[in-house]
2 protein chains.
Amino acid sequence: MAKSTTPGNPVAARQRGVTMKDVAKHAGVSRTAVSFVLSNRENASISEETRTRINDAVQELGYRPNAGARALASRRSDWYGIVTEIVTAPFAVDIIKGAQDQAWLDRRFLLIAPSDQADAVGPNQGLEDAATEKLLEQRVEGLLYAATFHRGVHVPASANEVPTVLINCFDADGKLPSIVPDERAGGRVAVERLLQAGHTRIGVINLDPVIPAAVGRLEGAREALAVAGLELDQELVVSGYATADGGYEAACQILDRYPQKDRPTALFCLNDRMAMGAYDAIKERGLTIPGDIAVIGFDNQELIAAYLRPKLTTVALPFERMGALGVQTLNALTAGQPITADQQLVDCPLLERSSV
Amino acid sequence: MAKSTTPGNPVAARQRGVTMKDVAKHAGVSRTAVSFVLSNRENASISEETRTRINDAVQELGYRPNAGARALASRRSDWYGIVTEIVTAPFAVDIIKGAQDQAWLDRRFLLIAPSDQADAVGPNQGLEDAATEKLLEQRVEGLLYAATFHRGVHVPASANEVPTVLINCFDADGKLPSIVPDERAGGRVAVERLLQAGHTRIGVINLDPVIPAAVGRLEGAREALAVAGLELDQELVVSGYATADGGYEAACQILDRYPQKDRPTALFCLNDRMAMGAYDAIKERGLTIPGDIAVIGFDNQELIAAYLRPKLTTVALPFERMGALGVQTLNALTAGQPITADQQLVDCPLLERSSV
DNA sequence: TGCATTTAGTAACGCGCGTTACCTGCGGGA
DNA sequence: TCCCGCAGGTAACGCGCGTTACTAAATGCA
């Protein structure tokens, strides 16, 4: 498909915007004067009178600056780009929200480019490369990469041309700064909450044990138990698929394995979807939440956690905050701060609802 | 990998971008020749030899076009803008995905600007106006407005300066084209499915009766019943808050009102969240789904519908398709098609799972 | 009065690119 | 021989703006 614009400039010609030149003519001054006033130059000497005359002209003509031309002349675009699979798999969409809000505050524009990358390792980087390339063509001053779940990733080589920050993922090559949730602290706070409610025998419904989320959260759980002088009973840790069905099955195993007196009185589900399944398993057995079994989740997926009955107490992933921090970090880097491979850990707050 | 864009001299590339002038010098031709080759001009006469020489130079230097400069010179940006509250309330995030994928196919870039507008009517249009303004400063060639739920909206006046299309909402002033779900057909298909499964006494858990979604879906339900020679029993229609709790209570009302033989054998829940609550009400009464009571939802909120047990049969809102259609409509408008206030209705497909 | 500042503004250049007008050779027909 | 036409380019302009030099008048100061 070639460009379908015919030589005649059909559409573009229709709409010619008001330029500085027009404003200048209308105000009876030079274009330079207009530029000075609009950019609020400090050591420009423009009398108060012409200044208002120019501002009036701007109002009357409805002048609107041309961001592209400005970027070209000033050699800075005020744009950041974010490459993300989140558009495809919207689980962590709050990252975008956080980043965009922060960018808006900082008078920057965030260009969002989709990356359909299903797996981090495979050579399916076509679209991701293309997205990065497209963003660089727009002359973004910084790049963000955001993943739907915490993991290591490889970024396209061309990302090295501008400051780059990873969000909810980290550089598998260990060269770029990143912002990730503090899974361990999250696991700790979850189990602390259960301990505080008097539970000492706690079942854990685990994710795939190799992913960073599972490793961190479980370690945090161990730490919390250790502080209370307890140990994590490996028999009470059951892994399953990260779905409601997986959670259901894992919960059944844990609940049916013991006579009532040895049965755990609380379940720590490493994500909310599995907690959703665990609810079913518990209710099926005629047990109540939190009376007989307390449940605590992880992720704070609103649609689940806030709508389960009883509402699910869970640990939130700080997506929005990570997004904002990403932009702030980019601000620092573009301002000249040296690039390091630091990992910023962001707190995962406990959200009390009614299941503990 | 074979494409060695950066390995040459990444540092130099960062400091000052490679321009056409550099490519021209490297290839020993004029800048014009480079421009002609890169834009694939048809009636330009460039020998095959210099053409390849230029392309080689592009590769070797890692030249990347400057989108802003190109837009400035050619007076077309290839950008569309989308103003949306979806970033804030990600329920309908698939609209963005659909729009972005389509834009990508059409070699256009979609700029996403957030609008924090909580209510459609209030004068809280500050942020929305600012977003529109910002997009126009980028010289977008068209605008999309996307809402999280189907309703009438007012768009900022400046939106009239470029072609504008509304998605999942419609112009309260009746002047702009819009793309909305065919709620009525969706309601029809849901009830048809229940009828086909043999249900004739169907309870309806309704939304706020005045919103377009409720009006349309209910009307569709009536139509389907009429075709089967049945009438909608108004006693069986219960409204509630659009939440799981609301659905729970409404379901309780319906289920407890009648002796078993008069009890409806199916529930049509006008959204999935309410269906989620209805599940609880049904299970609490020792009834099974779909054995004793069939349930059908609306919206296809994946996190709910795909994870409820049994999985929820529901009618999907065609967000992705609406997004894509929005971009396609914009393509037509920017290509010169006259602007009308047409409402395009998009089908809501039935998703069979296990609750009917 | 004489000279140096300061005030108030303007002319002109260039950012990177698309585009139009032009220029140069060369082969062929009359 | 002359002229025409065409392949194969190039010079030059302008898109809208930031920015640096420069100018011309008003003011300060001895």
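Throughout, protein chains are lettered first and strands after them, A, B, ... in sequence-line order, and every chain is numbered starting at 1. Fair warning: this is a prediction, and the values are worked out from it, not measured in the lab.
- Near DNA chain D, meaning a heavy atom under 4.0 Å away, the residues from residues 45-55 of chain B are B:Ser45, B:Ser47, B:Thr50.
- Between B:Ser178 and B:Gln344, the side chains place no donor N or O within less than 3.5 Å of an acceptor N or O (distance only, hydrogens not considered).
- A:Arg139 has its CZ atom 20 Å from the P atom of D:dC17, to the nearest Å.
- The CZ atom of A:Phe36 sits 9 Å away from the C1' atom of C:dT10 (whole-angstrom rounding).
- Side-chain contact check for A:Phe36 versus A:Val29: every heavy-atom pair is 4.5 Å or farther apart.
- When every heavy atom of B:Ser77 is checked against every heavy atom of B:Glu141, the shortest pair comes out as N-OE2, 2.7 Å.
- No side-chain donor-acceptor contact under 3.5 Å links A:Asp106 to the backbone of A:Ala103.
- Side-chain atoms of B:Gln100 come within 3.5 Å of backbone atoms of A:Ile112 as a donor-acceptor pair (strictly under, hydrogens ignored).
- Between B:Arg70 and C:dC17 there is no side-chain N or O to OP1 or OP2 distance below 4.0 Å.
- Between B:Ser35 and C:dG18 there is a side-chain N or O to OP1 or OP2 distance below 4.0 Å.
- For the pair A:Asp78 CG and D:dG18 C1', the computed distance is 13 Å after rounding to whole Å.
- Of the candidate nucleotides D:dG18, D:dT10, C:dT10, D:dT10 has the atom lying nearest to any side-chain atom of B:Val29.
- Separating the CD atom of B:Glu42 from the P atom of C:dG18 is a distance of 16 Å, rounded to the nearest angstrom.
- Note: CD (A:Glu137) to C1' (C:dC17) measures 13 Å, nearest angstrom.
- Between A:Arg41 and D:dC17, a side-chain N or O to OP1/OP2 separation shorter than 4.0 Å is absent.
- In this structure, CD of B:Gln138 is placed 16 Å from P of D:dG16, rounded to the nearest angstrom.
- Residue B:Arg76 contributes atom CZ, which lies 15 Å from atom C1' of C:dT19 at whole-angstrom precision.
- With sequence neighbours left out, A:Arg53 forms a salt bridge (Lys or Arg N to Asp or Glu O under 4.0 Å) with A:Glu49.
- Neither side chain, B:Thr19 nor B:Tyr63, offers a donor N or O lying under 3.5 Å from an acceptor on the other.
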Q.
salt bridge (Lys or Arg N to Asp or Glu O under 4.0 Å) for A:Glu137 and B:Arg70? Distances and angles first, verdict last.
A. CA-CA 10 Å; A:Glu137 284 184 9; B:Arg70 173 178 292 175; 5.3 Å; no
Sub-3.5 Å pairs of nitrogen or oxygen atoms, protein against nucleotides 12-15 of chain C:
{"residue": "C:dA12", "atom": "N6", "partner": "A:Thr32", "partner atom": "OG1", "Å": "3.4"}

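- The separation between A:Leu38 atom CG and D:dT19 atom P is 13 Å, rounded to whole Å.
- Side chains of A:Ser115 and A:Glu85: a donor-acceptor N/O pair is absent below 3.5 angstrom, by distance only.
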